[in-house]
Amino acid sequence: MEAYIFEWLSLFFRWFHVIAGIAWIGASFYFIWLDLSLREPPEWKKEKGIKGDLWAIHGGGFYEVAKYQLGPQTMPKKLHWFKWEAYTTWLTGFSLLAIIYYWGANQYLLDPQKMVLTQVQGIGISLGFLLAGVGIYEVMVRSALRHWPRVFGAILFSLLVFSAWALDQIFSDRAAYLHIGALIGTIMVGNVKLGIMPAQCELVRAVEAGEVPNAEYAAFAKLRSTHNNYFTLPLIFLMISNHYPMTYGHEYPWLVLAAIGGLAAFVRHYFNLKHQDQHKPWILVVGIIGLLLVAAWMTPTHLRQASNAAVINDTQALALVQVHCAGCHADVPTQAGFATAPAGIVLAHVEQLQQFSPRIVTALQTGYMPLGNMKGMTEQERSELIQWLTR
């Protein structure tokens with residue numbers, strides 16, 4: 001029953017998290033596009049304090065959107081705020097982190113082959129990492145360093161890459177990736193809570209008081225919003241990466257993450273420039289070529305190594321699977337935390353091994369499976385099973 005409850009909680013919060021994430025990231029895409037697409041308004045609009053405007057058509061109607069330089073002369077009766085998308089995304093994401101990686105720490109978070117930790121120790125390191133990461137970012141973004149965006153970006157990128165490497169020495173490969181995503185998501189919601197919302201509240205207060213709003217508040221909020229926009233594509237990759245063990249299961253997973261994350265942010269820059277009528281397609285070309293080079297570099301080598309492994313028969317192959325895989329991949333799993341076989345893959349007969357052989361080979365090549373290698377599968381056994389599956 002505990003495993004059944006675990007799966008339902010995971011399903012609900014993952015579903016809710018994706019819905020909220022779509023709303024938040026969609027709002028980020030839209031408002032960055034909107035802000036960068038504004039054009040100089042006619043004089044009569046400038047006299048009203050409007051900085052820029054644009055016309056759009058959608059859903060069978062025309063829309064006219066205008067942005068004030070700082071604020072309107074009087075506060076409108078109804079003002080829409082955009083914050084709950086961010087807060088809901090983070091709350092559901094942290095709930096998923098707690099359910100899957102804290103509750104299921106022994107299966108998903110800890111890797112005894114890297115570092116022997118108790119569940120409490122693992123959770124403590126996880127929480128400490130997130131708090132420290134957000135703290136470092138806040139110190140950086142509040143310092144004069146924010147006025148040098150390229151230097152700021154280079155330092156932040158280096159810190160994230162170092163974090164990915166460090167976490168990979170502590171947690172399972174999958175958990176290390178997830179924690180970088182959790183850190184980026186926490187930084188993003190911190191930008192909303194600690195920077196954007198206070199700035200917007202101050203702008204509203206000034207307008208209501210009949211004062212001229214301080215432009216520094218608006219500029220600081222815009223900077224944090226722009227940072228969030230560049231985080232979006234790397235974050236989406238991290239959200240789906242758990243379905244692709246070839247990434248986090250690579251020999252150098254932190255380097256794979258650095259390459260793909262860096263390319264994703266670079267491609268995001270193309271679209272932001274395009275919104276300002278600066279067309280630089282070479283950025284997309286570099287992004288595509290870069291991704292192809294990463295894919296070529298990541299090509300598994302385990303199959304060539306497996307050629308020297310001992311030849312095993314069907315009975316021996318099934319015996320290996322029964323020892324190392326059947327605890328989870330069975331009609332009725334015996335491994336704690338699993339109510340049903342993951343991905344519906346049951347490995348009870350030789351025919352089932354042959355049916356799912358491509359997926360099993362990928363899992364073995366990347367080291368993702370057996371999960372946590374709790375039964376201590378050796379490299380020799382791994383190579384033998386790969387050779388049998390690909391014979």
Side-chain angles (χ1 to χ4, degrees), residues 20-21 23-41 45-54 63-91 93-94 130-131 133-149 151-153 155-156 183-232 235 272 275-276:
W24 185 16
I25 292 173
S28 174
F29 283 2
Y30 173 73
F31 277 102
I32 288 294
W33 168 83
L34 177 62
D35 198 72
L36 296 177
S37 299
L38 294 171
R39 297 299 178 261
E40 187 174 352
K45 287 188 176 181
K46 290 183 180 179
E47 293 174 359
K48 295 175 63 176
I50 292 177
K51 177 182 179 181
D53 66 356
L54 66 80
Y63 294 81
E64 182 184 9
V65 185
K67 178 183 179 180
Y68 283 82
Q69 184 71 37
L70 288 174
Q73 295 178 345
T74 59
M75 184 60 58
K77 293 181 179 180
K78 181 65 176 179
L79 183 65
H80 294 278
W81 294 75
F82 290 83
K83 57 182 178 179
W84 294 112
E85 300 91 340
Y87 297 161
T88 305
T89 301
W90 188 86
L91 288 170
F94 187 79
L130 294 178
L131 290 173
V134 173
I136 292 172
Y137 174 83
E138 284 297 319
V139 169
M140 289 175 59
V141 80
R142 293 171 186 267
S143 72
L145 190 61
R146 70 178 184 271
H147 299 301
W148 290 277
V151 177
F152 183 98
I155 293 175
L156 181 59
L183 174 59
I184 292 176
T186 304
I187 288 174
M188 290 174 68
V189 80
N191 274 331
V192 175
K193 178 65 176 177
L194 303 176
I196 296 173
M197 289 306 301
Q200 292 180 168
C201 288
E202 172 56 27
L203 291 175
V204 170
R205 185 206 64 77
V207 172
E208 290 179 335
E211 303 173 2
V212 177
N214 188 333
E216 291 186 4
Y217 288 102
F220 198 26
K222 173 66 183 304
L223 176 67
R224 286 182 180 261
S225 181
T226 302
H227 286 183
N228 279 2
N229 185 258
Y230 280 99
F231 278 137
T232 52
L235 182 61
N272 288 343
H275 300 331
Q276 303 175 75

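One is the number of the first residue; the rest follow in order along the sequence.
Contacts of Phe31 classified as ring-ring contact (aromatic ring centres under 6.0 Å, His included), with partners at least two apart in sequence or in another chain: Phe82. In this view, Glu64 and Lys45 satisfy the side chain to side chain donor-acceptor pair (under 3.5 Å) rule, not counting sequence neighbours. Scored by the side chain to side chain donor-acceptor pair (under 3.5 Å) test, Thr88 finds no partners at all (sequence neighbours excluded). Here Trp148 pairs with nothing under the side chain to side chain donor-acceptor pair (under 3.5 Å) rule; sequence neighbours left out. Scanning for side-chain contact (heavy atoms from CB on, under 4.5 Å) contacts around Gln276 gives Leu36, Leu273, Gln278, with sequence neighbours left out. Taking Tyr217 as the reference, nothing meets the side chain to side chain donor-acceptor pair (under 3.5 Å) condition, with sequence neighbours excluded. Scanning for side-chain contact (heavy atoms from CB on, under 4.5 Å) contacts around Ile136 gives Met140, Leu159, with sequence neighbours left out. Scored by the ring-ring contact (aromatic ring centres under 6.0 Å, His included) test, Tyr230 finds His269 as partners (sequence neighbours excluded). Remark: Ala66 engages Ile50, Asp53 in a side-chain contact (heavy atoms from CB on, under 4.5 Å) (not counting sequence neighbours). When the side-chain contact (heavy atoms from CB on, under 4.5 Å) test is applied to Leu91, no partner is found at least two apart in sequence or on another chain.
The CD1 atom of Ile25 sits 12.0 Å away from atom CD of Glu85, with the distance rounded to the nearest 0.5 Å. Once rounded to the nearest 0.5 Å, the distance linking CH2 of Trp84 with OG1 of Thr89 reads 12.5 Å. The CG atom of Leu183 sits 8.0 Å away from the CZ atom of Phe231 when rounded to the nearest 0.5 Å. In this structure, Thr226 OG1 and Ile32 CD1 are separated by 4.0 Å, a value rounded to the nearest 0.5 Å.
Heavy atoms only, all atoms of each residue included: His275 and Arg39 are closest at O-NH2, 3.3 Å. Shown here for Val212 and Leu70, the closest heavy-atom pair between the two residues is CG1-CD1, 4.4 Å.
Of the possible polar contacts, none joining the Arg142 side chain to the Val139 backbone as a donor-acceptor pair under 3.5 Å is found.
Within the 4.5 Å cutoff, side-chain heavy atoms of Phe152 are placed close to those of Val141.
Atom NZ of Lys48 sits in a sparse spot, with 12 or fewer heavy atoms from other residues, nucleotides or ligands closer than 6.0 Å.
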Output side-chain donor-acceptor pairs under 3.5 Å for residues 185-206, partner residues at least two apart or in another chain, one line each.
residue: Thr186; atom: OG1; partner: Trp90; partner atom: NE1; Å: 2.9
residue: Thr186; atom: OG1; partner: Ala182; partner atom: O; Å: 2.7
residue: Asn191; atom: OD1; partner: Tyr137; partner atom: OH; Å: 3.2
residue: Asn191; atom: OD1; partner: Arg224; partner atom: NH1; Å: 2.7
residue: Asn191; atom: ND2; partner: Tyr137; partner atom: OH; Å: 3.1
residue: Asn191; atom: ND2; partner: Asn228; partner atom: OD1; Å: 2.8
residue: Glu202; atom: OE1; partner: Arg205; partner atom: NE; Å: 3.1
residue: Glu202; atom: OE2; partner: Arg205; partner atom: NE; Å: 3.4
residue: Glu202; atom: OE2; partner: Arg205; partner atom: NH2; Å: 2.9
residue: Arg205; atom: NH2; partner: Glu211; partner atom: OE1; Å: 2.9

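For residues 25-37, every residue pair satisfying the side-chain hydrogen bond (donor to acceptor under 3.5 Å, both in side chains) rule, not counting sequence neighbours, is listed here: Ser28-Asn229, Trp33-Ser37, Asp35-Lys67, Asp35-Lys222.
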